[in-house]
Asks: 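Once you've had a glance at the structure underneath, I'll fire off some questions.
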Amino acid sequence: MKIFKQLLAATVAGISFVCSPLLANEYSTKGSYITGSIGGSAIGDIDVSGVNSDIEFETGLGLDLGYGYDFGKTRIEGTWVRGQSDKTSWLGYTVKSDTTIDSIMGSIYYDFREDKQWSPFIGASLGATNVDFDGASDSGFSYGIGYGVSYKTSDQVEIFFKGQTTVIPELTFSTVNNSTVVINNGNYSNGTIGVRVRF
């Protein structure tokens, strides 16, 4: 009987030892949070009607800041997203002019493993975008998709890698090199690393 009790105690201890890391990877994710990320941004080439030369942009800074609420499997976010380029090429010329794209987006995300340490996610966004290009600017409706993977360091903090593409269906610039430039389905993509902090 004593041997049986010792064996049972050893078995329970062994199971606890094996399962404790698994139990430690269960996380509570519900609640409000703030989020921010920084990385690189790539602005898509612009096809200019009637001109055999695309407007091309060098890679620049990408970042975003926002506030969200986590329901568990799903999250909603309101974010400011920026894409940027320091150099533009068109008609064989390079223009060292800062191009900035600012979006205000409302997004919904789905976390595939929301209570685990690692969780891939995907989401869709709607909002408005302003593009400032070579001294001209215009704003328009925009939509996008976001995807990535999160790593939870605690119930309050997550680190994530995210890819995000935003499309602006139509923009019109009337002062770029004294020409009218109409952009159809302009886009930019950010690849960033960031953090979400719950409170």
Asks: Using the side-chain contact (heavy atoms from CB on, under 4.5 Å) criterion, which residues pair with Thr153? Sequence neighbours excluded.
Replies: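 Testing Thr153 for side-chain contact (heavy atoms from CB on, under 4.5 Å), a comparison that skips the adjacent residues, returns Tyr151, Val157, Ile159.
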
Asks: I'd like to know if the side chain of Ser154 reaches the main chain of Gln156, judged simply by a donor and an acceptor atom lying under 3.5 Å from each other, with no hydrogens or angles considered.
Replies: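 Here the side-chain-to-backbone pair exists.
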
Asks: Under a plain distance cut-off of 3.5 Å, with no hydrogens placed, do Asp132 and Ser137 share a side-chain donor-acceptor pair?
Replies: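 Distance-only check fails for Ser137 and Asp132.
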
Asks: Provide the closest heavy-atom pair for Thr79 versus Gly66 in the form atom of the first, atom of the second, distance.
Replies: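 Nearest heavy atoms, Thr79 then Gly66: CG2-CA, 3.6 Å.
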
Asks: For Thr74, which residues count as a side-chain contact (heavy atoms from CB on, under 4.5 Å) partner, sequence neighbours excluded?
Replies: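 Result, side-chain contact (heavy atoms from CB on, under 4.5 Å) vs Thr74: Phe71, Tyr110.
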
Asks: Other than Leu63, what residues sit in its cluster of Ile, Leu, Val, Met, Phe, Trp and Tyr side chains whose heavy atoms are under 4.5 Å apart, directly or through others?
Replies: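 For the cluster that includes Leu63, the remaining residues are Ile38, Leu61, Leu65, Trp80, Ile104.
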
Asks: Mind checking the CD1-OG1 spacing from Ile43 to Thr166? Nearest 0.5 Å is all I need.
Replies: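 If I round to the nearest 0.5 Å, the distance is 11.5 Å.
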
Asks: Taking only residues two or more places apart in sequence, or in another chain, which ones meet Arg196 in a salt bridge (Lys or Arg N to Asp or Glu O under 4.0 Å)?
Replies: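 Only Glu158 meet the salt bridge (Lys or Arg N to Asp or Glu O under 4.0 Å) criterion with Arg196.
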
Asks: How would you list all residue pairs meeting salt bridge (Lys or Arg N to Asp or Glu O under 4.0 Å) that involve residues 28-38, not counting sequence neighbours?
Replies: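 Residue pairs passing salt bridge (Lys or Arg N to Asp or Glu O under 4.0 Å), neighbours aside: none found.
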
Asks: Does Ser189 use its side chain to pair, donor to acceptor, with the backbone of Ala42 at less than 3.5 Å?
Replies: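 Here the side-chain-to-backbone pair does not exist.
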
Asks: For Asp111, give me all partners under side chain to side chain donor-acceptor pair (under 3.5 Å), at least two apart in sequence or on another chain.
Replies: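 Side chain to side chain donor-acceptor pair (under 3.5 Å) list for Asp111, sorted by chain: Arg75.
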
Asks: Between Asp70 and Arg198, is there a salt bridge with N-O shorter than 4.0 Å?
Replies: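 So Arg198 pairs with Asp70 through a salt bridge.
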
Asks: Between Thr99 and Thr88, does the side chain to side chain contact (heavy atoms under 4.5 Å, CB included) criterion hold? Intermediate values first, please.
Replies: CA-CA 8 Å; Thr99 299; Thr88 307; 3.6 Å; yes

Asks: Rounded to the nearest 0.5 Å, how far apart are CD of Glu58 and OG of Ser41?
Replies: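 If we round to the nearest 0.5 Å, Glu58:CD and Ser41:OG are 12.5 Å apart.
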
Asks: Apart from Phe160 itself, what residues make up its hydrophobic cluster when side-chain heavy atoms of I, L, V, M, F, W and Y under 4.5 Å apart count as a link, directly or indirectly?
Replies: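 Phe160 shares its hydrophobic cluster with Tyr109, Phe121.
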
Asks: Can you list everything that forms a side chain to side chain donor-acceptor pair (under 3.5 Å) with Ser89? Sequence neighbours excluded, please.
Replies: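 Scan of Ser89 (side chain to side chain donor-acceptor pair (under 3.5 Å), adjacent residues dropped) gives none.
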
Asks: Mind checking what makes side chain to side chain donor-acceptor pair (under 3.5 Å) contact with Lys87, not counting sequence neighbours?
Replies: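 With sequence neighbours excluded, Lys87 shows a side chain to side chain donor-acceptor pair (under 3.5 Å) to no residue whatsoever.
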
Asks: Looking at CD1 of Ile108 and CD1 of Ile122, how far apart are the two atoms once the value is rounded to the nearest 0.5 Å?
Replies: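 Result: 12.5 Å between the selected atoms.
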
Asks: Could you walk me through whether Arg82 and Ile101 pass the side chain to side chain contact (heavy atoms under 4.5 Å, CB included) check?
Replies: CA-CA 6 Å; Arg82 166 162 285 195; Ile101 305 179; over 6 Å; no

Asks: Could you tell me the separation between the OG atom of Ser37 and the CD atom of Gln164, rounded to the nearest 0.5 Å?
Replies: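 Answer rounded to 0.5 Å: 7.5 Å.
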
Asks: Under 3.5 Å, side chain of Lys162 to main-chain N/O of Val149, donor-acceptor pair present?
Replies: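 No, Lys162 side chain to Val149 backbone: no donor-acceptor pair under 3.5 Å.
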
Asks: Tracing side-chain links under 4.5 Å among I, L, V, M, F, W and Y, which residues wind up in one group with Tyr143?
Replies: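 Leu126, Phe141, Val167, listed by chain and number.
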
Asks: Testing the basics here: between Leu171 and Ser139, what is the closest heavy-atom pair and its distance to 0.1 Å?
Replies: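 The answer is CD2-C, 3.6 Å.
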
Asks: Roughly how far apart are Glu77 CD and Ser125 OG, rounded to 0.5 Å?
Replies: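 Going from the CD atom of Glu77 to the OG atom of Ser125 covers 8.0 Å.
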
Asks: What residues form a side chain to side chain donor-acceptor pair (under 3.5 Å) with Ser32, not counting sequence neighbours?
Replies: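 Result, side chain to side chain donor-acceptor pair (under 3.5 Å) vs Ser32: Tyr67.
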
Asks: The criterion is ring-ring contact (aromatic ring centres under 6.0 Å, His included); which residues satisfy it with Tyr188, sequence neighbours excluded?
Replies: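 Tyr188: no ring-ring contact (aromatic ring centres under 6.0 Å, His included) contacts found.
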
Asks: Please report the interatomic distance CG(Asp102) to CD(Gln84), rounded to the nearest 0.5 Å.
Replies: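 Nearest 0.5 Å value for the CG-CD distance: 10.5 Å.
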
Asks: Could you pull out the closest heavy-atom pair between Gly39 and Thr192, with the gap in Å?
Replies: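 Closest pair (atom of Gly39, atom of Thr192, distance): N-CG2, 3.5 Å.
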
Asks: What's the shortest heavy-atom distance between Val197 and Phe199, and which atoms?
Replies: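 Scanning both residues, the minimum pair turns out to be O-CD2, 3.9 Å.
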
